[in-house]
Amino acid sequence: MITNKKIPWDTFLAKREEILRHWETGSSPMLDLDKAVETLKNIPDHKNFAKKLKQAKERGITLIQPRAGVALLDEHIKLMQYLQDEGEADFLPSTIDSYTRQNRYQNAQDGIKESERAGRSLLNGFPAVNYGVEGCKKVIDAINVPMQARHGTPDARLLTEIIHAAGWTSNEGGGISYNIPYAKNIGLEDTIRYWQYCDRLVGYYAEQGIEINREPYGPLTGTLVPPSISHTVAIIEAILAAEQGVKNITVGYGQGGNIVQDVAALQTLDELTNYYLKLFNYNDVFVTTVFHQWMGGFPADEAKSMGVIGLAASVAAQGKATKMITKSPHESQGVPTKEANAEGLKASKIVVNLLKEQSFPSSRDLKAEKEMIKKEVNALIYATLNVGKGDLAQGAVKAFARGLIDIPFAPSEMNAGKILPARDAEGRIRILEFGNLAFDDEIKAFHKERLEARAALENREVSFQMTIDDVYAVSMGTLVGKPRVRGNAA
Amino acid sequence: MITNKKIPWDTFLAKREEILRHWETGSSPMLDLDKAVETLKNIPDHKNFAKKLKQAKERGITLIQPRAGVALLDEHIKLMQYLQDEGEADFLPSTIDSYTRQNRYQNAQDGIKESERAGRSLLNGFPAVNYGVEGCKKVIDAINVPMQARHGTPDARLLTEIIHAAGWTSNEGGGISYNIPYAKNIGLEDTIRYWQYCDRLVGYYAEQGIEINREPYGPLTGTLVPPSISHTVAIIEAILAAEQGVKNITVGYGQGGNIVQDVAALQTLDELTNYYLKLFNYNDVFVTTVFHQWMGGFPADEAKSMGVIGLAASVAAQGKATKMITKSPHESQGVPTKEANAEGLKASKIVVNLLKEQSFPSSRDLKAEKEMIKKEVNALIYATLNVGKGDLAQGAVKAFARGLIDIPFAPSEMNAGKILPARDAEGRIRILEFGNLAFDDEIKAFHKERLEARAALENREVSFQMTIDDVYAVSMGTLVGKPRVRGNAA
Amino acid sequence: MKTVVIGVIGADVHAVGNKIIEHVLTEHGFNVVNIGVLSSQEDFINAAIETNAGAILVSSLYGHGEIDCKYMRENCQEAGLNHVKLYVGGNIVVGKQDFKEVETRFKKMGFDRVYPPGTNIEDAVKHLREDLGE
Amino acid sequence: MKTVVIGVIGADVHAVGNKIIEHVLTEHGFNVVNIGVLSSQEDFINAAIETNAGAILVSSLYGHGEIDCKYMRENCQEAGLNHVKLYVGGNIVVGKQDFKEVETRFKKMGFDRVYPPGTNIEDAVKHLREDLGE
Ligand code: B12
Ligand code: B12
């Protein structure tokens, strides 16, 4: 049975030998740990993810980062330079293609070849494993800001080895957040173990005096996820990472759409993560937050998409997120061109800049929403600890198996998939079907009451149709999905 | 001496004969008042500005309107249809060209001809007087939403006659707001008199059961105008209009940039206007508010401009403005193409839609800001009444002459031009140089203290350089202008 | 009741649209066989054979649709599925591309109907009725 | 001290840039004669004659610049202002237009220097020093 315990170095090293054999690029001499430490030590401070985040948090500002990645190395480098110079990105990502995420390196290799032939990227991201440490090093050498791998890879061990050895100082993911929304039937125990490995590597580097940032993936399925659920996953992953020695963690949250709920979510995410880290005696972890611009279906219209982006940026800034992941006006269509991607960045940049001296005033409404999120998170963490007999790793596996934690719209069979979310009359995300979610009756009554108030306004029953209407709502231009005339759906 | 007294009908009619002779289109039979009443009565409710605003206010939503106008009638109609259909504008404007605004109808006529020859608009707006009632009627007949004239015309009497007789149910302007920011040496008494005439005409139509909306022009110079000053002008003009019989008034405010101050401004604008109207016994006036997206210098970059637009829309929606005037990504460059104009509209539309169920929570900070604005407005209105011996029209003329009311950056010689605004540390607009502004010491001390707090942060003195830095700030991508290195200005 | 197979092809995990398609088609009276995300061509073909389906609705959101759908028509034929209708929809290529061209590419690959991003699934209902007869 | 005339031409009331130009040029040691907004060609020319100015800086923001500046060079010459430098800047035409073309149009009209929207006024300081000598 899995436990939340630091992996002994020997065990790690033994496993490492095996991992490095998963694909030919694992044999690079740059993967020698001493060599990797040297590479990382040579990364200047302004290209260190962890350090730049710390600074931003201390200054109370919000930095921006796009998603981006293409199949061919040279093209990828050009893309990165463009987003840095023209898009004014504060951080760069290498979004990894979906074959690599499923460890299908041969498919990725074919994709590279086909892309070369077609003269355009046929992969939806950058196949970092296939390019190996040498390729990844070329990427970071060509830019002037920190670089992070962003993906959705259940087993990212080889990928993680390669990117850090290349000097990339951040890695997104986690044993839960890169499983439940990104896989169908990979066991949670397995993915938690895979990610303990990734964290252990970062912990090792930390012991060598190298600061590397880790970012549990916050938005999960990006679709009507109540803040307390994504917070719970973020906190669990932060603690699992801290146990392996990670010292710099960015917890994430995807825009819900109601400003008060979003600001409450950002503030509680920071407060609760710090609280639980300290509760479990991880006292020297530096926590920052990341706000993801709207993660659900986008409107087809590009100007409307820019509106959504501007609104999102205003929320991140007011909620004092340390970082924001930006979207582009092409979101509903496909992977954006570099120009479209830069447009999303620039619109975001000016908004966070304009608001950098401002924060959202405290109010009764905000406090109440924060209290509610805290109550819910506490209930979920408590239940997880309880079934795990005090161990959060074990607890997480069991909590998901029993549906005590449950993520809406997730593809994974490890997830109960019984809860149904919907928005209340003000557009705040609530829950209408709880399944086995570990909420007490008081919390449930609150959700029920809020949803019934909406139902009354709309003159209909609380039902799955509401959820469906809400799924489509933003792409149709509203937040709260209105009852549609039959035959007129979508 | 001018007074705030309803113009006797006979006097009005006598003046009217003269006005209609100012340009040949004044002789149209459609300007017969009975005919005009008939035309206006035939305007359906959904094309009536006043009625659509009332509905919106009752529903608590924010409707949108662009600025737009070109030299040629057919092109203007196509532009209007495009902004309605593609831009989803709730209201349409005919922005009037600058020659017409200065009553230079011959110049406008030349502009029409040169535009015909050049095949592109050489005028910066629609020369409504030259097209006359018949032309203006074609415009409203071709669209499906209410139409308003938007201009900046000190003497708009002929223009006003023409547009209303054509069925346009709203007119922007006022004796102060269309003088001080739009003229150099036209007397305030004159322009107040001109606008009393325009309001009296609307009052006459009201007596015939026709609801027409009037909108004092809120943002004034659009450049660092403290809310209390623009509120004061809006309230005075609302009262002058009400005296002439206007029953449906939209008071306006231009985005300042600090969200709390902007929301406070929108809320107090509504509250104070209603309060003063009732205080002066105008009990049946329906008041709505309009929020102008950032009226100062825009960033050159189009994506950044879209960011500014998205942010502005989020503030209007949270502050529950009834209407919002939108900008376009071409703002810094020139009159927008119809496509760029529609982009600004669509980005705005989705944001106000997404936020329509939400409002800005009340907080201590918001309340304090509102209190401050109210104190300041009360001081200014009191001073105006005082010098006017109880008459607001007289008071306004004298208050401007003595600088008791003073508008920053105004071109008019009727304006003292002695006050200097600057932002405080959070970006709220304060005043650093008061001239003769009718603020008491307590208010002045508050402004001083706030600006000194900023100066301390920036390690410099409170000075005109701060004002200059703030004028450029938004176009440079920040709200609070930072001290610049000499030789590196702009 | 007409049977249709739905699912998301390749290494694609976009589950939301898939759940909604199941719901809407079921409401419209179809017998929906949903093989879910991360499904291979084989999974689709086997499900269609087992359930004697009239149509296969392939979803591809993540951009690799062009690679994942290669030879799907040929593979159907090889498996003896000669008359099954093949629909594909979602965000089936990488990036914003001219849809007319994309449609041509996929029609050449043997797909009967090709849908652009954000298609209203109710549109496909009409087409299914036309293509499968009712 | 070199004298320059500044102002905003035609029916244009954009006053903000004008006030800032006055401030910056004065700070840079020019003798600035500011005739303000709503100024005619005649106003500019008379001011330049009276003050023996080396350059006239015309601002036009509102879009009618092309009409308002017609024959300005010819009118200067007629008034005997043969050597005065003519600069123009702001948003000098209606709408977003290709600046190269706009520049050509205004140069043909006899303007020595033509500036695109949002020009940093410090740029003009350099040019003034070049053109007027120091
Ligand atoms: C939510 C989302 C996610 C969630 C998915 C959670 C989950 N497990 O379901 C998360 C965050 C995990 C995710 C991950 C990724 N995503 Co994603 N994601 C989206 C997003 C924002 C919304 C998708 C959605 O749920 N829409 C709502 C549903 C109801 O609509 P729908 O899926 O479009 O389906 C409807 C219609 O298309 C139609 N339809 C669908 N299939 C078919 C088939 C037929 C025959 C017919 C008739 C109709 C039809 O009917 C459906 C119901 O109405 C889209 C962009 C967008 N649309 O705004 C990107 C998007 C699909 N993702 C994209 C990408 C690239 C990824 C990632 C590779 C990388 C990344 N950005 O992190 C990974 C992929 C992981 C993997 N292996 O698949 C790209 C695809 C790019 C492309 N094709 O060029 C998109 C377009 C974003 C973008 N512009 O870059 N994503
Ligand atoms: C504020 C503003 C107003 C205010 C002006 C208040 C006042 N009295 O000063 C108000 C709201 C009243 C207004 C009115 C109008 N405006 Co206006 N306004 C603006 C805005 C937003 C900012 C202008 C500004 O103050 N910028 C800040 C200052 C510091 O910069 P600046 O003026 O550009 O000047 C600097 C540089 O350009 C340069 N410069 C200027 N002149 C010169 C000359 C030389 C030789 C050199 C070297 C440099 C130089 O140095 C200056 C200092 O740094 C601009 C758009 C923008 N830029 O974002 C539109 C804009 C100028 N206005 C415009 C228009 C059309 C109007 C109106 C006709 C209609 C309307 N929209 O209501 C009326 C015109 C009234 C009239 N008769 O003139 C258009 C002009 C369109 C075009 N050229 O195609 C613009 C571009 C907006 C747009 N995109 O439609 N406006």
Side-chain angles (χ1 to χ4, degrees), chain A residues 70-71 97-104 107 110-111 114-115 118 120-125 152 180-185 221-224 296-300 302 328-337 340 408-413 417 464-465 467-468 471-472 475-476 486-490, chain C residues 7-29 34-40 43 59-70 89-99 101-102 105 115-126 129:
Chain A
V70 287
D97 73 287
S98 289
Y99 291 135
T100 302
R101 293 169 185 220
Q102 307 283 335
N103 312 105
R104 301 195 197 167
N107 285 164
D110 296 345
E114 294 215 29
S115 302
R120 62 189 159 86
S121 181
L122 286 158
L123 293 180
N124 60 10
I180 307 294
Y182 284 104
K184 190 169 175 177
N185 43 30
T221 55
T223 306
L224 297 175
F298 251 66
E302 297 192 16
S328 90
H330 283 180
E331 178 63 15
S332 78
Q333 302 295 318
V335 170
T337 57
F409 296 105
S412 171
E413 288 163 8
F464 182 49
Q465 190 56 47
T467 310
I468 294 190
V471 165
Y472 283 113
S475 65
M476 312 285 291
R486 183 57 207 269
N488 196 13
Chain C
V8 187
I9 202 167
D12 193 338
V13 300
H14 288 89
V16 183
N18 172 260
K19 285 180 206 248
I20 301 223
I21 293 175
E22 173 173 351
H23 179 81
V24 175
L25 293 185
T26 307
E27 266 205 329
H28 275 91
N34 187 357
I35 61 171
V37 302
L38 286 172
S39 296
S40 64
D43 297 337
S59 289
S60 175
L61 280 299
Y62 72 153
H64 293 182
E66 210 169 338
I67 305 183
D68 295 333
C69 291
K70 239 183 176 173
N91 300 67
I92 60 180
V93 291
V94 174
K96 183 175 175 170
Q97 298 184 24
D98 178 51
F99 183 70
E101 272 177 39
V102 172
R105 287 213 291 276
Y115 298 88
T119 296
N120 185 332
I121 182 70
E122 308 261 342
D123 290 348
V125 169
K126 272 180 266 165
R129 294 224 166 99

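Numbered from 1 within each chain, the chains take letters A, B, ... in sequence-line order. The basis for the numbers below is simple: all heavy atoms, side chains too, and nothing from hydrogens, waters or symmetry mates.
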> For the atom pair CE (Met476(A)) and CG (Asn120(C)), what is the distance rounded to the nearest 0.5 Å?
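One gets 7.5 Å once the value is rounded to the nearest 0.5 Å.
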> Minimum heavy-atom separation for Ile67(C) to Leu122(A), with atom names?
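For Ile67(C) versus Leu122(A), the nearest heavy atoms are CD1-O, 3.9 Å.
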> Looking at Pro117(C), Ala15(C), Ala11(C), Gly63(C), which one has more heavy-atom pairs under 4.5 Å with chain A than the rest?
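It is Ala11(C).
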> Can you tell which part of Glu302(A) gets under 4.5 Å to a heavy atom of chain C, answering side chain, backbone, both or neither?
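Contact with chain C is through the side chain of Glu302(A) alone.
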> Could you look at Lys96(C) and say if it's the side chain, the backbone, both or neither that has a heavy atom under 4.5 Å from chain A?
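Both parts, heavy atoms under 4.5 Å.
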> Is it the backbone or the side chain of Pro181(A) that comes under 4.5 Å from a heavy atom of chain C, or both, or neither?
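Only the backbone of Pro181(A) comes within 4.5 Å of chain C.
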> Return the minimal non-hydrogen interatomic distance between Asp68(C) and Tyr99(A), and the atom names on each side.
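Between these two residues, the closest heavy atoms are OD1-OH, 2.7 Å.
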> Distance check, rounded to the nearest 0.5 Å: Asn124(A) atom CG versus Leu61(C) atom CG?
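The CG atom of Leu61(C) is 11.0 Å from CG of Asn124(A), to the nearest 0.5 Å.
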> Between Arg101(A) and chain C, with a heavy-atom cut-off of 4.5 Å, which part of the residue counts as in contact: side chain, backbone, both or neither?
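Neither part, no heavy atoms under 4.5 Å.
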> With a 4.5 angstrom heavy-atom cut-off, could you sort out which part of Ala410(A) is near chain C: side chain, backbone, both or neither?
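Answer is backbone: N, CA, C or O of Ala410(A) sit under 4.5 Å from chain C.
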> Do Leu123(A) and His64(C) come close enough that some side-chain heavy atom pair is under 4.5 Å?
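Yes, close enough: below the 4.5 Å cut-off.
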> For Pro411(A), is it the side chain, the backbone, both, or neither that has a heavy atom closer than 4.5 Å to a heavy atom of chain C?
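Its backbone and side chain both get close to chain C.
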> Does Glu66(C) reach the side chain of Glu114(A), with side-chain heavy atoms less than 4.5 Å apart?
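SC-SC contact between Glu66(C) and Glu114(A) ruled out.
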> Please classify the contact of Ser332(A) with chain C as side chain, backbone, both or neither, using a heavy-atom distance under 4.5 Å.
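Just its backbone gets close to chain C.
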> Would a 4.5 Å heavy-atom cut-off, applied to side chains only, mark Lys184(A) and Val13(C) as touching?
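Lys184(A) vs Val13(C): side chains apart.
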> Using the ring-ring contact (aromatic ring centres under 6.0 Å, His included) criterion, which residues pair with His23(C)? Sequence neighbours excluded.
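With neighbours one apart ignored, the set is Phe464(A).
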> Considering residues at least two apart in sequence or located in another chain, which fulfil the ring-ring contact (aromatic ring centres under 6.0 Å, His included) criterion with Tyr182(A)?
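Per chain and number, Tyr182(A) pairs via ring-ring contact (aromatic ring centres under 6.0 Å, His included) with Tyr178(A), Tyr217(A).
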> In Å, rounded to the nearest 0.5 Å, how long is the span from NZ of Lys19(C) to OG1 of Thr467(A)?
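Nearest 0.5 Å value for the NZ-OG1 distance: 12.5 Å.
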> Which answer fits Leu38(C), side chain, backbone, both or neither, if we ask what part of it has an atom under 4.5 Å from a heavy atom of chain A?
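Answer is both: backbone and side chain atoms of Leu38(C) are under 4.5 Å from chain A.
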